[in-house]
**Student:** 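One structure coming up, written as structure tokens, with questions to follow.
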Number of protein chains: 2
Amino acid sequence: MENRTFKDSIYNAIAGLTKAFSHANRLEILDLLANGEKTVEQIAVQTAITVANASQHLQLLKNARLVKSRREGNFIFYGINGRKAYAAWQALRDLALEAEPAVQVTLRQFRGDTFLKGVASPQNALLLDVRPPDEFAAGHLPNALSIPIEELPQRLAELPRQKTIIAYCRGPFCTLADEAVQLLKANGFDAVRLEETYLDHKLLNDEIWQN
Amino acid sequence: MENRTFKDSIYNAIAGLTKAFSHANRLEILDLLANGEKTVEQIAVQTAITVANASQHLQLLKNARLVKSRREGNFIFYGINGRKAYAAWQALRDLALEAEPAVQVTLRQFRGDTFLKGVASPQNALLLDVRPPDEFAAGHLPNALSIPIEELPQRLAELPRQKTIIAYCRGPFCTLADEAVQLLKANGFDAVRLEETYLDHKLLNDEIWQN
DNA sequence: AATCTAATCAAGTAATTGTTTGAATACTTG
DNA sequence: CAAGTATTCAAACAATTACTTGATTAGATT
């Protein structure tokens, strides 16, 4: 094989893979799926696109081997396909967080500075997971309390008023924890948001990636 | 700001960044620039595209902050912009090497199995850097001997016949070391190719990323 | 078997991205 | 300051990618 042919072939194949990452909806889908399996319609609703469109993005992600699917009854559940798929997305995300002004500006505009980076869990704090129950069940930060965001208004009594509440959800671009912090503050709690999700820590131990 | 607006804005901004990675020529350019600064024409020649086309890809990479440029006389030298830019490309590359069959097949077809993964430098071996002198000067593996590929035919006498020669160049998709191994074997040497380049190790120590 | 549901497919159009060509710009050197 | 060189720009065309719509498929339920 010619050197040029070899390089063209390799770099085109890799570019084909990276193209799977280069669409806003697909990145959002990866973030979603990293937190647990979802059906096509759930994904479509969460990302505010049509079902057909979501299906097409999922096909593309599946062809790129970034996600996998399994059928259960009438539903097809999609999930992220392995540790390296998330690691690559994470590397791109971190690069953008560090180097892309548009990302920094939008984040600051939306969230201000009232969030934690990293999980140096303070002494006098409670870690609160506000994702849906199935996502909590699929994996969560150690010692976190699970109260899905919809139930939070009714379950404020369960939270200690003398502790700082650290809320987290699906990662830096998920808004569930932002809503939680807003609600908690409005009710007199000391609340702050953690940007990372459990996956960003779990990557260190391989346990959840046994696929 | 609306939740949906926030997410659209963020994911679109990141997708804009990842699009910079989703073209074969741009990936090849990143590999090149990671090994040292190059002028537009050098890049065009190496990647077998026109100068105007290379310039446009470089503009795009520069807008995405993956590369930076500086003028020196008539020339503009482009170089990779920081550690995380290379780290993201590395994460994508590793994902492709592990999960993309097209990449694996092409690599095997071109190179067979006669290469090393990782640099567990054996005792009785000599590490040979066959890249151009300026790239060697910009950074290299410890204890490596520099003989640019063009000079290799005339300088075979400098190499020990009782040792295994481990040749490396710009990374897994560079063909310089393959040519070297071929030449060395044809001349009776025991030669093998290392796929990684010095950057893949240097990432561990931060020294070279002081930009 | 008929019906229902979730998901996918196919086709058409819209939008974006890539490449080529030739001209223009920015800087250097004589 | 004129001439030369490396790079960029601009415009036109080509190729790819994305989204919508409506129909179809695959499996579950009755």
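The figures here come from the full heavy-atom set of this structure, side chains too, leaving out hydrogens, waters and symmetry mates. Letters go in sequence order (proteins before strands), and every chain restarts at 1.
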**Student:** Of Leu60(B) and Asn74(B), whose nearest nucleotide on DNA chain C comes first from the 5' end?
**Tutor:**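 Going by which nucleotide is closer to the 5' end, it is Leu60(B).
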
**Student:** If you apply the rule salt bridge (charged side-chain N to carboxylate O under 4.0 Å, His left out), what do you find for Glu37(B) with Lys68(B), and how did you get there?
**Tutor:** CA-CA 10 Å; Glu37(B) 295 184 324; Lys68(B) 59 188 173 182; over 6 Å; no

**Student:** Are Lys7(A) and Asp31(B) within salt-bridge range, i.e. N to O under 4.0 Å?
**Tutor:**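 A salt bridge is absent here (no side-chain N lies under 4.0 Å from a carboxylate O).
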
**Student:** Rounded to whole Å, how long is the line connecting atom CD of Gln59(A) with atom P of dC19(D)?
**Tutor:**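 Spelled out: CD on Gln59(A) to P on dC19(D) is 15 Å.
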
**Student:** Counting any heavy atom closer than 4.0 Å, what does Ala52(B) reach on the DNA or RNA strands: base, sugar-phosphate only, or nothing?
**Tutor:**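 Answer is base: heavy atoms of Ala52(B) come under 4.0 Å of a base.
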
**Student:** Please report the distance, rounded to the nearest Å, between CD in Gln56(A) and P in dT16(D).
**Tutor:** 18 Å

**Student:** Any side-chain donor-acceptor pair under 3.5 Å between Asp129(B) and Tyr198(B)?
**Tutor:** no

**Student:** Hey, are Glu28(B) and Arg4(A) close enough for a salt bridge, meaning a charged N less than 4.0 Å from a carboxylate O?
**Tutor:** yes

**Student:** Base, sugar-phosphate, or nothing for Tyr78(A), non-hydrogen atoms under 4.0 angstrom?
**Tutor:**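 Counting heavy atoms under 4.0 Å across all strands, the contact made by Tyr78(A) is with sugar-phosphate only.
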
**Student:** Provide, to the nearest angstrom, the distance between the CZ atom belonging to Phe75(A) and the P atom belonging to dA26(D).
**Tutor:**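 Whole-Å distance recorded here is 19 Å.
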
**Student:** Would you say Arg71(B) reaches dT28(C)'s phosphate, i.e. side-chain N/O to OP1/OP2 under 4.0 Å?
**Tutor:**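 Negative; the distance criterion is not met.
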
**Student:** Let's see if you can work this out: which of dC19(D), dT8(C), dT8(D) has an atom nearest to the side-chain heavy atoms of His57(A)?
**Tutor:** dC19(D)

**Student:** Could you tell me the separation between the CD atom of Glu41(B) and the P atom of dT5(D), rounded to a whole number of Å?
**Tutor:** 12 Å

**Student:** Rounding to a whole Å, what distance do you find between Glu37(A):CD and dA7(C):C1'?
**Tutor:**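 Rounding to the nearest Å, CD of Glu37(A) and C1' of dA7(C) are 16 Å apart.
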
**Student:** Out of dC27(C), dT7(D), dA7(C), which nucleotide sits closest to the side chain of Ile76(A)?
**Tutor:**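 Within the option list, the nearest is dA7(C).
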
**Student:** May I have the distance from Asn53(A) (atom CG) to dA14(C) (atom C1'), rounded to whole angstrom?
**Tutor:** 13 Å

**Student:** Among dA18(D), dT7(D), dC27(C), which nucleotide has an atom closest to any side-chain atom of His23(A)?
**Tutor:**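 Among dA18(D), dT7(D), dC27(C), the one nearest the side chain of His23(A) is dA18(D).
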
**Student:** Against Asn35(B), only a single residue in Arg170(B), His140(B), Arg131(B) fulfils side-chain hydrogen bond (donor to acceptor under 3.5 Å, both in side chains); can you say which?
**Tutor:**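 The side-chain hydrogen bond (donor to acceptor under 3.5 Å, both in side chains) with Asn35(B) is passed solely by Arg131(B) among Arg170(B), His140(B), Arg131(B).
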
**Student:** Taking CG from Leu61(A) and P from dT17(D), how many angstroms apart are they, rounded to a whole number?
**Tutor:** 14 Å

**Student:** To the nearest Å, how far apart are Lys19(A) NZ and dT17(C) P?
**Tutor:** 11 Å

